Amino acid sequence: MHVETHATIDDLGADRLAALAGSRLDFSHGLLRAVERSLWGHLGVRYLTVVDGGAIAAFIPVYTGSNLNVNVLMPRWVQRSYDAMVRQLGAGAAYHVVVVGSLISDRGWIPMHPECGDPGAVLDLLLAAVEEIARAERAPVSFLKDIHADFPAALTARLHAAGYRQSPSLPTVRVDTDVPSFDDYLSRHLSKNGRKHARKTLRHAEAGLEVRTVADFEPLVPVVYPLFRRTFLKARFRFEELLPRFFVECARSRQPRSELVVCEQDGAVVGALLILYDQHEQANKRIGIDYRRADSGLIYNLLNYRGIQRAIERRLPTVHLGQSTYLIKTRIGGALEDQFVYARPRNLGMRLTLPLQRLWTERYRAARVAAGLRAGASI
Amino acid sequence: MRRVLLAGAPGLVGTQVLAELARRPDVETITLLQAAEPQPGWPRQLVGEARARLRILRGDVGEPRLGLDRVAWERLATAIDTIFDCGDGDPRRGAAGRRRRLAAARNAAVRPLDSWTELLAAQKRLRLHQLSSVLLAGAHRGLFTEFDLECGQELHNPAERRWLEGERLLHASRAAARVTIYRVSHVVGHSRTGAASRFDGAYPLLALLRRGISGLLPGDPLARLDLVPADYVALAMVTLAAEPASAGKTFHLVAGWPKSLPLGELAARIAGAAGRPRRQPRFVPRIAWGPLRAASRLAGGRVLAGFGRSLDACSPYLGQGPVFDDLVTQTALARHGIASPACASYLDAVLRFAEGHRWQAPQAAGGGGSELATLFSSRAAAAAATPTAAAGAAIASAATPATAAAARATRGATQARIGDYNVVYRETGSGAAVVLLHGFAGAASWEPVVERLADHYRCIVVDTLGLGDTTAEPDADYALPAQAAMVRGLIAALGLDAVHLVGNDTGGAIAQLFAVRWPACVRSLVLSDCDAFDNWPSRQVKLLRWLARLPGAMPALGAAMRIPAVARSPLGYRRMVFDKSLLTRERLRAYLRPIGSDRASRQRFRRLLLALDPSCTQDIVHLLRSFARPTLIVWGCEDEYWSTSWAKRLYDEIPGAVGLQLIPWAGISCHEERPEHFAQLLRDFFAYARSGRVLPRAVDPSAPPGLASSEPLTRDGRRLYVR
């Protein structure tokens with residue numbers, strides 16, 4: 001068993017990755033390729049694979065650079081201070097970090113072959129390779145991004161042993177769509193009021209809005225990108241600032257498949273939802289809304305319902321709705337799931353502040369977020 | 001694209017665009033040159049047929065209608081089908097341009113665009129290709145795409161603000177769908193020969209790096225310097241201009257992240273080209289920029305004069321924050337096999353040419369000739385170019401004559417007893433009645449507008465209760481609906497049937513309440529930067545309301561506000577205007593009148609604050625939706641209280657709204673800041689309303705798909721409607 005490093009996802013190929021288990025969609029060839037081709041600024045990627053007898057036993061992308069919003073979960077004043085420091089001292093003062101995992105994931109993981117005999121040893125090899133990269137890049141900290149709560153405990157222990165410390169990340173929202181029809185979905189997952197609201201939303205939408213799905217949406221990217229951008233700039237947690245190219249590449253992706261749910265009124269696009277799916281699951285990756293409109297909330301709900309309808313039509317049992325807008329997503333049937341960031345500090349500053357950072361991020365635990373939602377406060 | 005008007009031909013990009021157009025046998029070009037500029041040498045560089053297709057028109061983009069007389073203007077409007085504006089609109093370019101005052105930058109932005117939009121309105125098939133700059137992203141750090149306009153940027157200098165305003169104006173214009181915007185990064189000379197007609201822009205920085213003094217420059221060695229050669233820009237512009245699909249879009253003509261060079265690497269390459277060791281040069285951290293600039297200013301004119309000026313000239317290039325994306329441009333140009341060259345591939349040629357010319361621009365008379373000479377075989381030209389006689393002959397003095405009414409004194413205030421109120425109003429001029437309602441800026445704020453309207457209109461400025469001299473019985477109602485009724489009573493008392501109603505700020509809310517309740521009394525309605533829907537009270541007014549409940553707070557506040565520094569602070573009146581130099585003592589005194597003058601005024605002000613209830617404007621939304629009288633929405637682009645998205649919403653909600661006009665460089669008190677502009681809008685609008693014609697909507701804010709991109713983005717936490 002040994003580790004290989006690849007400069008591009010195309011070196012690996014879609015089929016070899018498809019054989020790996022765990023978060024298939026987020027670590028799929030098409031999505032990682034789209035991300036790779038739309039990286040900008042001081043940010044690069046390489047892919048680590050553990051090869052065992054010619055077959056890939058495990059695989060993980062490793063992003064290095066300073067163009068990552070690593071402070072996004074921190075208090076606002078920390079973010080502002082950091083920005084001011086970089087502005088005044090130059091890009092050289094920015095944290096050059098190592099991030100392990102898919103940049104755009106709903107469910108962080110380390111994909112491994114189902115028949116991998118010794119996952120622990122494989123993980124150790126990967127961590128050693130990450131360590132080497134971090135040392136070469138002189139990164140003050142390395143992260144394992146958004147490891148999901150289902151990650152095997154034995155492997156988690158190895159992460160701890162390697163010096164990584166766990167802290168909560170934003171929870172993800174999963175929807176169970178293993179139902180025969182959308183009506184069943186509504187009756188099974190939504191409260192009485194929720195069902196009433198959903199039907200009202202769909203009925204209202206029929207009046208003036210037209211919703212359609214577009215499989216080959218590349219020509220639509222110039223029209224819908226501004227909506228995605230608008231939504232990004234409105235978001236509280238701005239993780240990845242995506243180029244238009246990302247959406248173009250997603251449109252070209254065949255593994256996973258992609259489609260765009262488009263909401264139009266009088267021929268003008270007022271909302272769009274980017275969906276990626278394979279034979280196992282679906283992820284509603286990005287939503288874009290024209291927030292200047294008074295009915296933007298209606299459009300948001302409509303797109304989400306339509307996304308869920310598509311999954312039910314395809315008989316996909318799970319839909320991931322992402323890491324934001326928890327109040328609405330839970331009301332339409334979503335369930336919160338914990339995700340964790342594992343950070344390994346390398347310099348004194350990080351070592352000293354990491355406990356405080358972990359303390360701060362405790363607020364993002366799914367249980368606390370859910371309690372907040374029950375109390376009427378959404379993060 | 002057959003007949004093209006080219007402005008800014010002597011510029012770095014303009015020269016190359018002219019050369020590109022000259023290459024196309026089916027294109028005739030009229031180049032617009034200022035009257036003061038000497039006869040250029042370009043036509044002699046053109047040969048035979050290419051020369052015959054070139055005409056020179058004497059005019060000035062800084063003048064209304066390009067400084068042409070009516071006949072020449074109308075002839076021009078019908079003769080051309082495409083406009084290329086490659087100028088920066090002001091002869092003072094480079095560092096001088098960046099240092100110039102805001103007012104000069106404002107004129108440079110607005111005047112040419114006024115001419116272009118007028119031409120576009122006159123000729124429905126005309127298209128405008130406007131050169132802009134990615135530098136309008138200012139100090140923004142992060143991605144800046146072709147779909148962005150507002151990105152939370154802070155701008156370094158008036159030049160950047162000018163570009164931003166220029167684009168805002170174009171997007172708000174009726175002909176936005178026929179405008180193509182080309183945002184360029186730092187343009188340098190020809191990619192093959194390095195030829196350049198002037199050495200401004202990034203050249204001063206290149207010169208400093210060539211001299212090897214980067215160690216004194218406050219820069220970020222990892223920040224990219226996005227250079228782009230002029231010939232690529234010109235080729236891209238002319239190619240895209242020929243495509244109908246490019247209309248209404250924005251293109252980034254930039255090198256982009258992969259093809260640009262980090263400042264440190266650029267400095268090393270330049271050092272290598274100058275024969276010095278190619279080690280990575282050092283820069284002073286940008287945090288030292290402030291002290292260095294102060295030092296350079298202190299030393300200005302003596303020891304560090306030249307360096308200080310160079311430092312100022314280089315400031316925008318030393319720490320480029322944004323990363324420019326150009327996917328739309330790449331996609332459009334890929335069909336033609338055009339791509340921006342990598343900076344490293346032409347840097348040597350650019351440096352060689354600049355060094356050969358000692359970093360000095362060629363003589364103005366021959367400006368641009370060298371580039372054309374490289375593009376066209378320069379056989380001896382027998383005759384000089386023939387300037388057009390018909391179109392270029394006359395430059396009319398179309399400058400607006402000084403308003404005669406400016407000298408007219410506003411008559412003294414008059415009082416009328418209306419119910420519980422002693423309404424104070426000021427009446428000026430004769431003609432159709434215009435009632436103007438003010439907000440926190442006070443009644444005096446309307447004076448500059450009234451002076452300009454009084455020739456043709458009977459202007460009645462009504463003092464708002466609590467914010468002016470109008471007084472009331474102790475138990476009178478200070479709420480805005482009651483004040484609307486008060487205005488109705490005054491109009492009846494004056495014997496007027498219907499009036500043009502104009503409201504700003506709180507006066508705008510009163511005007512809305514009046515309009516929906518007595519629509520028959522409204523000939524037309526103008527709402528400017530006003531309370532509407534649930535956008536009020538602002539945080540500042542909320543604070544005032546809180547203070548109003550505290551005993552003794554109002555006198556203390558009045559005393560504090562009498563200190564000019566406090567009055568000019570953000571807690572005071574700083575946000576009333578965009579151009580802070582307008583906050584003179586006289587103006588502040590007028591603003592302070594409700595709280596600073598006497599106890600009774602303060603008491604009225606306090607009662608008004610306590611009576612403010614935003615539900616009154618929320619309750620009339622359904623009535624606004626059926627208000628069909630001609631309505632104009634006028635909004636200051638820089639309104640720090642209510643962003644232009646509120647103007648858009650008013651425009652959308654009121655079916656009678658025939659226009660949405662954004663006034664650049666102006667805040668909530670836009671009628672005070674740009675009285676001429678405001679008055680002109682009112683005159684035009686009243687004329688329309690009087691004609692009783694059914695109007696098309698003057699501005700179509702529902703952006704076309706290609707333009708819908710840039711957007712109401714957050715800037716300092718507020719939302720902006722852009723197009």
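Within every chain, numbering begins at 1; the chains are lettered A, B, ... in the order of the sequence lines, protein sequences first and strands thereafter. Source: prediction; values computed, not measured.
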Side-chain heavy atoms of A:His42 within contact of B:Trp257, under 4.5 Å: yes

Find the distance between OG1 (B:Thr145) and CZ (A:Arg245) and round it off to the nearest 0.5 Å. 13.5 Å

For residues A:Trp40 and B:Asp325, determine if any side-chain heavy atom of one lies less than 4.5 Å from a side-chain heavy atom of the other. no

Which atoms of A:Arg293 are under 4.5 Å from chain B, going by heavy atoms: the side chain, the backbone, both sets, or neither? neither

Specify the closest pair of heavy atoms between A:Pro226 and B:Phe147, including all atoms of both residues, with the distance to one decimal. CG-CD2, 3.7 Å

What's the shortest heavy-atom distance between B:Asp220 and A:Gly92, and which atoms? OD1-N, 4.3 Å

Does any N or O in the side chain of B:Arg141 come within less than 3.5 Å of the main-chain N or O of A:Val86, such that one atom is a donor and the other an acceptor? no

Is any side-chain heavy atom of B:Leu327 closer than 4.5 Å to one of A:Leu243? no

Ion pair check, A:Arg229 and B:Asp148, cut-off under 4.0 Å: yes

Can you say whether A:Val269 sits under 4.5 Å from chain B via the side chain, the backbone, both, or neither, judging by heavy atoms? neither

Enclosure of A:Arg80 CZ (heavy-atom neighbours >12, cutoff 6.0 Å): no

